[in-house]
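So the structure is just underneath, and the comments pick up after that.
Just so you know, these numbers come straight off a predicted model, no measurement behind them.
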Amino acid sequence: MHTLLAFIFAILILVSLHEFGHYAVAKLCGVKVLRFSVGFGKPFFTRKRGDTEWCLAPIPLGGYVKMVDTREGEVSEADLPYAFDKQHPAKRIAIVAAGPLINLALAVLLYGLSFSFGVTELRPYVGTVEPDTIAARAGFQSGDKIQSVNGTPVADWGSAQTEIVLNLEAGKVAVGVQTASGTQTVRTIDAAGTPEAGKIAKNQGYIGLMPFKITTVAGGVEKGSPAEKAGLKPGDRLTAADGKPIASWQEWANLTRQSPGKKITLTYERAGQTHTADIRPDTVEQPDHTLIGRVGLRPQPDRAWDAQIRRSYRPSVVRAFGMGWEKTVSHSWTTLKFFGKLISGNASVSHISGPLTIADIAGQSAELGLQSYLEFLALVSISLGVLNLLPVPVLDGGHLVFYTAEWIRGKPLGERVQNIGLRFGLALMMLMMAIAFFNDITRLLG
């Protein structure tokens with residue numbers, strides 16, 4: 001219910017403001033608006049104000065503004081001057097562009113509001129490299145500071161991860177790093193076309209790198225878990241398993257995953273004293289029917305390292321909204337680059353997400369707090385704005401192409417050309433929706 005409410009609120013806000021952009025500019029341009037609907041389907045709420053019927057419909061995946069238009073039915077003589085299709089192309093361009101531009105402006109405001117509460121940045125340092133992953137095979141080491149990706153400078157962890165994932169399927173990715181000893185080197189990721197690269201999108205861009213370090217100290221013990229039954233407590237330092245030293249938490253995690261139902265003799269330290277305990281991991285079946293072990297222990301982060309890579313500050317209100325503008329421009333450009341790589345075959349369609357994934361992330365971000373949810377809304381608003389500006393017929397961007405061509409030519413494009421374009425655009429969007437739903441379902445099923 002929490003996830004559903006967070007998702008519905010996001011859609012109501014983003015779609016309503018997008019459509020209100022169309023509505024407001026249409027009214028300014030003297031166009032008669034018949035209906036303003038949030039949602040699709042038969043309206044369950046309607047209210048008439050002036051010439052416009054305001055509606056809420058049950059399918060919260062979009063909305064629309066219906067204007068007087070001679071192409072959509074008979075229009076009375078009195079309404080002809082107020083018909084959308086009878087306006088100058090410049091007015092129609094303004095009306096169509098207003099929706100996406102409102103979404104981009106909203107993103108600036110949402111980011112600015114979030115940043116005004118305070119900003120936490122993660123410096124682009126590698127804290128942990130998971131063994132036997134894409135990152136490990138590329139030679140990444142704990143302590144590496146990522147400075148550039150394929151020649152593009154990066155300033156924080158998020159931009160570094162985005163650039164790596166964006167370029168991963170196009171070929172080799174050259175990551176410039178400064179090692180822990182201060183030397184400059186390049187880590188080359190060559191994973192294009194591999195099964196692992198295809199799973200990156202489903203793993204939220206995870207290639208085996210984490211900015212944080214984790215210790216071999218237990219940070220938490222789940223109630224009723226094998227770890228609790230064995231007497232383990234938060235603060236216990238794991239030192240050996242079956243007589244072999246535990247060098248990292250990853251070693252311990254891999255051992256327990258590979259030992260479902262098998263007894264492990266664990267050695268640990270508590271308050272300066274050494275203890276041993278027999279622990280038998282629970283057997284957990286994965287979605288692919290493989291069996292793994294689970295003991296219910298959570299690691300404690302390395303707080304000294306965390307303080308080194310984390311930077312928190314509170315910018316002025318003016319600077320916060322300036323950062324909101326920069327973030328919106330950056331994410332818009334990244335989104336455009338992704339679509340370009342998708343068309344050229346250098347990005348996987350697995351990165352396309354649909355309403356189920358958006359709803360899931362809406363719920364997660366809302367649980368993390370107001371700032372996280374505001375930034376989620378900003379990111380989705382950018383996606384909605386940029387997507388609608390793409391020059392694809394049936395989208396706002398496609399209509400902008402038609403009206404711009406009409407303005408230049410002095411007459412509309414031929415009806416046959418427009419119909420072919422609309423059919424192509426509709427087919428493309430249906431295909432995108434099918435892929436998005438497929439990706440959503442496969443993610444939910446693991």
Side-chain angles (χ1 to χ4, degrees), residues 1-24 35-47 49 52-65 99-100 102-120 158 201-205 287 320 324 327-328 331 335 351-388 429 432-446:
M1 183 58 69
H2 188 266
T3 294
L4 181 62
L5 290 175
F7 173 67
I8 290 176
F9 180 78
I11 294 299
L12 286 175
I13 290 292
L14 301 181
V15 170
S16 297
L17 289 175
H18 177 98
E19 297 305 329
F20 188 78
H22 293 312
Y23 169 83
R35 174 177 283 187
F36 183 110
S37 178
V38 177
F40 297 121
K42 186 177 180 180
F44 59 83
F45 171 84
T46 61
R47 178 159 295 180
R49 288 288 178 87
T52 306
E53 184 182 42
W54 299 78
C55 307
L56 288 176
I59 305 174
L61 299 179
Y64 63 93
V65 170
I102 282 287
N103 283 125
L104 297 177
L106 176 64
V108 175
L109 293 174
L110 290 169
Y111 275 130
L113 181 59
S114 172
F115 296 157
S116 66
F117 294 142
V119 177
T120 297
K202 296 179 181 179
N203 293 332
Q204 297 182 336
K327 193 83 164 178
T328 299
H331 278 320
T335 304
H351 291 284
I352 300 173
S353 299
L356 300 181
T357 297
I358 294 172
D360 184 39
I361 298 174
Q364 292 180 32
S365 62
E367 287 181 1
L368 290 173
L370 178 60
Q371 276 190 275
S372 179
Y373 189 63
L374 288 174
E375 293 185 24
F376 157 77
L377 289 176
L379 189 58
V380 177
S381 194
I382 290 171
S383 299
L384 187 59
V386 173
L387 177 65
N388 272 281
M429 294 312 298
M432 291 268 290
M433 287 180 65
I435 292 171
F437 273 108
F438 175 79
N439 288 342
D440 280 358
I441 293 168
T442 55
R443 286 188 187 106
L444 288 174
L445 295 179

Taking ring pair (Phe, Tyr, Trp, His ring centres under 6.0 Å) as the test, write out the residues that go with Y373, two or more places apart.
F376
Minimal non-hydrogen separation, T328 against L104, with atom names:
CG2-O, 3.8 Å
Exercise: identify the closest heavy-atom pair between M432 and I352:
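So the two residues come closest at SD-CD1, 3.9 Å.
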Find the distance between [atom1] ([X]) and [atom2] ([Y]) and round it off to the nearest 0.5 Å.
X    : Y    : atom1 : atom2 : value
T120 : Q371 : OG1   : CD    : 7.5 Å
T335 : L379 : OG1   : CG    : 7.0 Å
N103 : I382 : CG    : CD1   : 10.0 Å
L370 : S114 : CG    : OG    : 7.5 Å
L110 : K327 : CG    : NZ    : 13.5 Å
L377 : L109 : CG    : CG    : 12.5 Å

Would you say [X]'s side chain and [Y]'s backbone share a donor-acceptor pair under 3.5 angstrom?
X    : Y    : answer
S116 : L113 : yes
N388 : P100 : no
S365 : A362 : yes

Tell me which one of E19, R49, H22 satisfies side chain to side chain contact (heavy atoms under 4.5 Å, CB included) with F36.
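Testing F36 for a side chain to side chain contact (heavy atoms under 4.5 Å, CB included) against E19, R49, H22 leaves exactly one candidate, E19.
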Taking it one step at a time, do V38 and I11 satisfy side chain to side chain contact (heavy atoms under 4.5 Å, CB included)?
CA-CA 9 Å; V38 177; I11 294 299; 5.7 Å; no
Atom pairs and distances, donor-acceptor, side-chain atoms in residues 55-65, under 3.5 Å, two or more places apart:
from: Y64; atom 1: OH; to: R35; atom 2: NH1; distance (Å): 3.1

With side chain to side chain contact (heavy atoms under 4.5 Å, CB included) as the criterion, how do L14 and L106 come out once you've worked through the C-alpha distance, each side chain's angles and the decisive distance to 0.1 Å?
CA-CA 9 Å; L14 301 181; L106 176 64; 3.5 Å; yes
So Y111 and F115, would you call those rings parallel, tilted or perpendicular, with 30° and 60° as cut-offs?
parallel
